[in-house]
> 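One structure is given below, represented as structure tokens, and several questions about it will come after.
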Amino acid sequence: MTISRALFLLLLFLSAAFAQAVGRESKQSPQSAGDDFASRLGLYEGERGTSCADFLGDILPWQRRGGDWLDASGILYGKNPYAVSGVGAAGAAWDVSKLVRKIAEAGRAKAIFYLRPVSGTGYARFNSREAKSIVDRPMLVLEFAGDRRQILEPKADTHLDCSTYKALGRSETLSVSSQQSVLLEFALPDSVRSPDFIRARLVLSSAGSGGGKLEVGVFETAIPELPHGSPQQGLAANYPADRGIDRHPDVVFSTGFDEGSGWRSRWSRESSGSEAEVIATDPGLRFDQLAGAAFRVNLKKGSNYGTDLRLYLKDHGGEPDELYFRYYVRFAEDWNPDVSGGKMPGLGGTYGKAGWGGRRVDGTDGWSMRGAFLQAFPNDHPMHGLTQLGTYAYHMDQKDFWGDVWIWPGALLARNRWYCIEQYVRLNRPGAADGVIRVWMDGRLAMERSDIRYRSVERLHVEDAWLNVYHGGAAVSPHNQHLYIDNVVIAKSYIGPLPTR
């Protein structure tokens with residue numbers, strides 16, 4: 001129902017009176033460290049944040065443009081709201097007790113409300129958490145036995161508008177209409193699980209409305225899931241720590257960097273400027289062996305170069321048109337690409353002509369599919385501290401003379417943990433757009449494309465496996481930052497992760 005002015009003013013009074021208590025009482029117990037994506041997932045108001053297309057830009061798209069919700073019956077895109085309110089001159093209020101209880105009983109520490117029209121016409125505009133006055137901001141009023149109340153401000157809020165690709169979370173207003181929906185995230189205190197909890201009321205103050213008489217319903221936001229599934233085992237499953245894997249007929253090359261000082265001789269070329277070496281221990285950087293020694297790369301302060309090793313396939317049975325390239329990577333304790341992203345290992349066929357460094361390809365002169373690491377997430381981003389990976393692609397249909405970056409949506413890597421990365425390339429038939437790239441992380445498919453034009457002539461093939469780590473672009477590393485690589489295998493069939501130890 002429409003909020004009365006008297007109740008609205010009372011709630012505003014309470015919000016001012018309890019403003020200091022909010023900051024103290026709504027704090028959550030610290031989460032355990034690690035790859036707990038579910039606890040991290042939430043609205044983000046900045047660039048690459050929550051928008052019409054994405055719950056989190058470049059990480060989690062909505063199932064349907066304009067956002068996903070569950071109704072009170074648990075139906076995706078259902079029409080039965082948890083609460084309904086008309087919009088008055090002062091604003092609107094909803095009794096969201098049922099939804100808050102459901103979320104609390106499920107053991108979740110945050111509530112993300114999804115507001116959309118259920119009847120009427122026109123639009124409503126509310127003040128957001130960015131409103132200059134605290135009394136204008138959204139609030140969740142929790143009522144407890146003994147006439148005790150707790151006022152919460154949202155941790156994030158935004159509205160979804162499909163007329164723009166941008167995230168709108170930094171706006172001072174929130175709009176609801178037939179083309180716009182509002183999302184608000186609140187951190188729920190443990191007290192909502194106590195028997196003293198009576199009621200939860202969501203209150204928004206008006207920032208103006210236009211025409212018609214609009215009724216707005218509250219639904220539960222259906223948060224998309226990160227890619228998951230059972231790891232896909234490959235030929236490595238029969239070779240613990242890759243011991244003896246080089247004897248498999250499909251394996252072209254393998255190394256665990258345990259050859260001592262002779263490890264360099266196994267590679268075809270190493271560019272000057274590399275800051276890399278083989279190590280067995282690394283005190284101070286929380287290094288832990290995967291399977292013996294490892295290849296340590298330093299993106300040195302003031303430099304772009306980490307490493308640039310090439311393995312030319314002509315020296316290992318000839319240049320194929322398809323190949324698998326697997327390696328393990330571990331980001332060290334000091335890893336923090338906070339200025340720029342960069343390049344990671346991958347496959348290529350540049351032939352010294354095109355496909356790197358702004359040398360755009362034309363189908364006759366080269367191509368490359370290196371990996372990429374993205375610039376670090378901002379401090380307020382839900383995935384802050386994780387590194388997102390992708391493919392840095394030089395191909396015939398790239399947008400400009402620099403390569404395209406294709407995100408691996410589920411590839412969010414923590415420091416001080418080994419990850420298995422495998423890339424597969426199959427070149428297209430000249431004249432057809434049927435080239436393939438697939439990427440697996442820890443045996444789970446992270447990205448796939450099957451419409452790539454690598455070449456227009458038969459003479460281009462997979463020239464090399466490219467063990468490359470490079471900072472930038474042009475920007476140099478602002479500090480020393482390290483990563484480790486181990487258990488490299490190149491093969492004609494899917495390799496997969498090491499068998500579980």
> Between the side chain of His479 and the main-chain N/O of Asn336, is any donor-acceptor distance below 3.5 Å?
yes

> Has Arg455 got its NZ or CZ under 6.0 Å from the middle of the six-membered ring of Trp367, at an angle within 45 degrees of the ring axis?
no

> Ignoring hydrogens and geometry, is there a side-chain-to-backbone donor-acceptor pair from Arg65 to Cys52 under 3.5 Å?
no

> Would you please indicate yes or no on a ring centroid separation below 6.0 angstrom for Trp267 and Phe253?
yes

> Name the residue from Arg326, Arg438, Glu322 that meets the side chain to side chain donor-acceptor pair (under 3.5 Å) definition with Tyr424.
Glu322

> Main chain of Ser271, side chain of Arg310: is a donor-acceptor contact present, judged purely on distance under 3.5 Å?
no

> Given Ser368 and Trp466, is the side-chain hydrogen bond (donor to acceptor under 3.5 Å, both in side chains) satisfied, shown in steps?
CA-CA 9 Å; Ser368 66; Trp466 194 352; over 6 Å; no

> Is the backbone N or O of Gly358 less than 3.5 Å from a side-chain atom of Tyr394, with the two atoms forming a donor-acceptor pair by type?
yes

> Can you tell me which residue among His381, Lys155, Arg170, Glu185 is in a side chain to side chain contact (heavy atoms under 4.5 Å, CB included) with Glu45?
Arg170

> Can you tell me if Gln179 has over 12 outside heavy atoms packed within less than 6.0 Å of its CD?
no

> May I ask you to decide if Asp54's main-chain N or O and Trp62's side chain share a donor-acceptor pair within less than 3.5 Å?
yes

> Test Leu483 against every option in Arg415, Arg330, Met344 by the side chain to side chain contact (heavy atoms under 4.5 Å, CB included) rule and name the one that passes.
Met344

> Would you check if the side chain of Gln375 reaches a backbone N or O of Asp338 as a donor-acceptor pair within less than 3.5 Å?
yes

> With a 3.5 Å distance limit and no angle check, can you tell me whether Ser171 reaches the backbone of Thr173 through a side-chain donor-acceptor pair?
yes

> Answer yes or no: does atom CZ of Arg429 have more than 12 heavy-atom neighbours from other residues, nucleotides or ligands under 6.0 Å?
no

> Any sub-3.5 Å donor-acceptor pair from Asp161's side-chain atoms to Gln180's backbone N or O?
no

> Without hydrogens or angle criteria, can the side chains of Asp68 and Tyr77 be said to hold a donor-acceptor pair below 3.5 Å?
yes

> Determine yes or no for a side-chain-to-main-chain donor-acceptor pair under 3.5 angstrom, with Asn468 supplying the side chain and Leu309 the backbone.
no

